[in-house]
Amino acid sequence: MDIDDASHEGKGEETKAKRIVVILVGAPGSGKSTFGEQVMRSSTRPWVRICQDTIGGGKSGTKAQCLKSAASALKDGKSVFIDRCNLDREQRAEFVKLGGPNVDVHGVVLDLPAKLCISRSVKRTGHEGNLQGGKAAAVVNRMLQKKELPKLSEGFTRITVCQSESDVEASLNTYSALGPLDTLPNGYFGQKNPDAKIQLGIMKFLKKAEVPAANAVSEAKSIQSSFSPQSIKEMDSSSNGPVNVSSFPENAGDITRLYSGGGLSCNVIANAANWRLKPGGGGVNAAIFNAGGPALEVATKEQAKSLQPGRAVVVPLPSNSPLFSREGITHVIHVLGPNMNPQRPNCLDNDYITGCKVLRDTYTSLFEGFASVARSQEKLAKGSNENHGPNPSELQDHTEGVNMKHSPNNDQKSKREGDHDNDRSKKCKGSQDEVGADIHGSRTGKLEKNNDKIDGSMTKIWGSWAQTLYHIAMHPERHMDVVLEISDNVVVLNDLYPKAKRHLLVLARYEGLDCLADVRKEHLHLLRAMHDVGLRLAEKFLQEDASLIFRLGYHSAPSMRQLHLHVISQDFDSKHLKNKKHWNSFNTAFFFDSVDAIEEVSSNGKATPRDDDESQLSIELRCHRCRSAHPNIPRLKSHISNCRAPFPPALLQSGRLVLAPCNADVGP
DNA sequence: GTTCTAGAAC
DNA sequence: GTTCTAGAAC
């Protein structure tokens with residue numbers, strides 16, 4: 001019977017069997033053939049399984065053969081399984097076209113963990129596609145790289161995504177139960193986000209590291225200071241994406257410059273080491289030992305002489321290593337993966353199964369080592385402020401199987417604490433204890449603390465971009481390219497985007513002071529110190545250019561974290577002054593004069609912004625001298641470049657403006 | 001904080 | 001058509 005005959009269209013359809021094309025989508029080893037076979041065993045509906053691996057009569061067939069065969073089966077009134085990978089849209093398109101008024105096109109996606117597909121592919125002996133052994137891993141991974149989950153818009157009437165064995169089971173039951181006249185509801189079933197390929201957290205993390213990257217070190221794994229599992233750049237065997245680091249951007253960043261090159265605070269880095277734990281060999285090992293300097297080499301030797309495949313060794317980094325002082329790295333975890341080189345110990349000799357096990361052990365050792373660092377730092381954050389360095393003997397518990405030094409590593413510990421004491425003796429302020437703690441890497445507790453004020457008064461969450469000044473205040477020595485002055489209390493720098501000819505920032509070097517609202521009476525000396533530094537520098541500039549006029553003050557609701565005083569000349573002659581917010585943040589009540597802040601804190605114990613902060617930022621644009629209004633920034637800028645009207649009386653009082661003694665171009 | 005850009009304003 | 005703003009994204 002020719003059911004596709006046009007004469008049948010439009011009549012008696014409800015009594016006629018509607019055929020189904022089920023396009024199976026999945027990597028080798030995902031269970032496509034099994035799925036088809038199982039349905040066919042128990043179904044009362046006539047099915048044909050069209051398998052590209054067998055259609056060629058012993059050899060692998062072609063897509064065209066599959067299409068032809070499918071069309072002919074449909075003509076015979078049979079439903080068909082298209083048993084080929086069908087992982088990308090293009091591969092599926094021709095088969096979707098088999099659909100029509102009497103033919104529904106279904107997609108069944110077997111989106112199982114890659115490691116499961118690989119192990120099945122490896123284990124199978126009689127697989128029709130002859131995809132066996134270690135080669136399978138590479139093939140599966142390559143295919144999953146291109147994985148494109150089907151969408152209804154491709155022409156499917158129904159799509160079922162199975163992401164676990166139980167999903168597969170459920171779908172098997174659905175299709176097995178289909179009688180010759182039954183149909184299934186249309187729609188998308190199974191997965192919530194069809195575009196999800198890789199965990200978002202990982203991509204976000206990589207994107208950040210990618211920006212200023214110089215040399216790619218793609219084998220390197222880096223672990224962010226937040227200790228959040230998503231931020232670990234890692235081969236991800238739990239998601240159903242490819243099990244391969246190369247699924248991530250190649251230029252993920254230089255692991256030896258995460259902070260200086262990428263602004264990424266990271267305490268612990270992993271090194272794909274060699275078995276002798278020695279520098280060299282090229283790649284990430286060479287790069288890390290090179291960046292770590294001789295100190296890393298010495299510290300490594302103290303922990304272990306060599307490493308077995310699958311093992312890790314945690315090395316606390318001495319403070320004289322550039323990786324420590326420049327990047328804030330406190331630990332390097334050396335790991336050794338499976339070895340396939342017969343000239344080195346423990347060669348795998350093409351034993352894929354053992355290789356997988358060793359690789360798993362490698363990652364397990366790495367994470368255990370990392371967890372031990374995290375635990376010891378957590379303890380320190382909770383415990384006494386006096387004991388800063390992690391306890392090396394604790395870390396050694398996790399270097400099992402390595403040539404461990406069991407005698408407590410007192411030399412290094414006392415050395416690190418000694419350095420710390422020196423650091424601290426140079427800074428006399430009490431709060432510098434916390435700076436010390438930061439240098440020694442306990443950033444976990446610190447970040448939490450700073451995004452969530454201890455007194456609970458204000459919980460502003462600062463974005464990563466808002467941390468720059470905080471980092472500079474805490475580690476000015478790492479930012480000497482922008483820093484002009486460092487003292488116990490303050491750091492001075494040029495504003496990165498000056499809004500006038502002269503625009504400096506005076507940063508408070510105090511932990512926990514993010515903005516003026518955090519300032520209390522006990523910080524009065526700091527406010528005065530900041531003002532004095534600002535004043536001194538303004539006067540220095542006035543000697544160079546007596547026509548300048550300065551104003552010192554704070555933004556009521558700053559965008560950047562860490563209390564900072566603006567010292568800004570009143571010409572506002574800058575290409576960086578671009579919008580209303582820029583202007584109003586310096587020329588409305590949003591700008592809190594330093595002299596007023598000092599006065600209010602000294603009399604009220606705190607500085608309370610007068611107007612509802614942010615509302616000031618969008619008010620009309622007015623000249624700061626003659627108070628005339630202007631429709632837009634270009635017109636305002638054009639006006640202020642010429643306006644020589646006297647400043648408003650309020651600014652002329654109380655030393656709010658700082659000008660050269662001879663400057664007559666100011667008052668009435 | 002900046003950059004990017006859609007769309008409003010001119 | 002061009003200029004400018006404002007909101008989202010980072």
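Within every chain, numbering begins at 1; the chains are lettered A, B, ... in the order of the sequence lines, protein sequences first and strands thereafter.
In this structure, A:Y497 atom OH and C:dC10 atom P are separated by 17 Å, rounded to whole Å. Separating the CH2 atom of A:W462 from the C1' atom of C:dC10 is a distance of 17 Å, rounded to the nearest angstrom. Atom pair A:K580:NZ and B:dG1:C1' shows a separation of 20 Å (rounding to whole Å applied). We find that CE of A:M560 is positioned 10 Å from C1' of B:dT2, with the value rounded to whole Å. Across the protein-nucleic acid pair, A:K581 atom NZ and C:dA6 atom C1' stand 11 Å apart, rounded to whole Å. Here C:dT5 presents its C1' atom at 15 Å from CG of A:L617, a figure rounded to the nearest Å. Atom CG of A:L577 and atom C1' of B:dT2 are 13 Å apart (whole Å). Between A:N579 atom CG and C:dT3 atom C1' the separation is 15 Å, expressed in whole Å.
Stacking between A:W465 and B:dG1 is present: the aromatic ring centre lies within less than 5.5 angstrom of the base six-membered ring centre, and the two planes differ by under 30 degrees.
Judged by distance alone, the side chains of A:S487 and A:N489 never bring a donor and an acceptor atom under 3.5 Å apart. With 3.5 Å as the limit, one finds no donor-acceptor pair spanning the side chains of A:N584 and A:Q616.
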### Task
Under the salt bridge (charged side-chain N to carboxylate O under 4.0 Å, His left out) rule, what do A:K501 and A:D571 come out as? Steps first, then yes or no, please.
CA-CA 7 Å; A:K501 281 181 183 163; A:D571 48 82; 5.2 Å; no
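Put simply, A:H582 has a side-chain N or O that comes within less than 4.0 Å of OP1 or OP2 on B:dT2. Residue A:H555 has a polar side-chain atom (N or O) positioned under 4.0 Å from OP1 or OP2 of B:dG1. The side chain of A:K575 contributes no N or O atom lying less than 4.0 Å from OP1 or OP2 of B:dT2. For A:K578 and C:dC4, the shortest distance from a side-chain N or O to OP1 or OP2 is not below 4.0 Å.
Between A:F572 and A:H624, the two ring planes are perpendicular [angle over 60°; tilted spans 30° to 60°]. Classification of the A:H555-A:F591 ring pair by plane angle, with boundaries at 30° and 60°, yields perpendicular. Using cut-offs of 30° and 60° for the angle between ring planes, the A:H566 and A:H564 rings count as perpendicular.
A salt bridge between A:D573 and A:K637 is absent, with no side-chain N of the basic residue lying under 4.0 Å from a carboxylate O of the acidic one.
Taking a 4.0 Å limit (strictly below) on heavy-atom distances, residues 631-640 of chain A reaches DNA chain C at A:N632, A:I633, A:P634.
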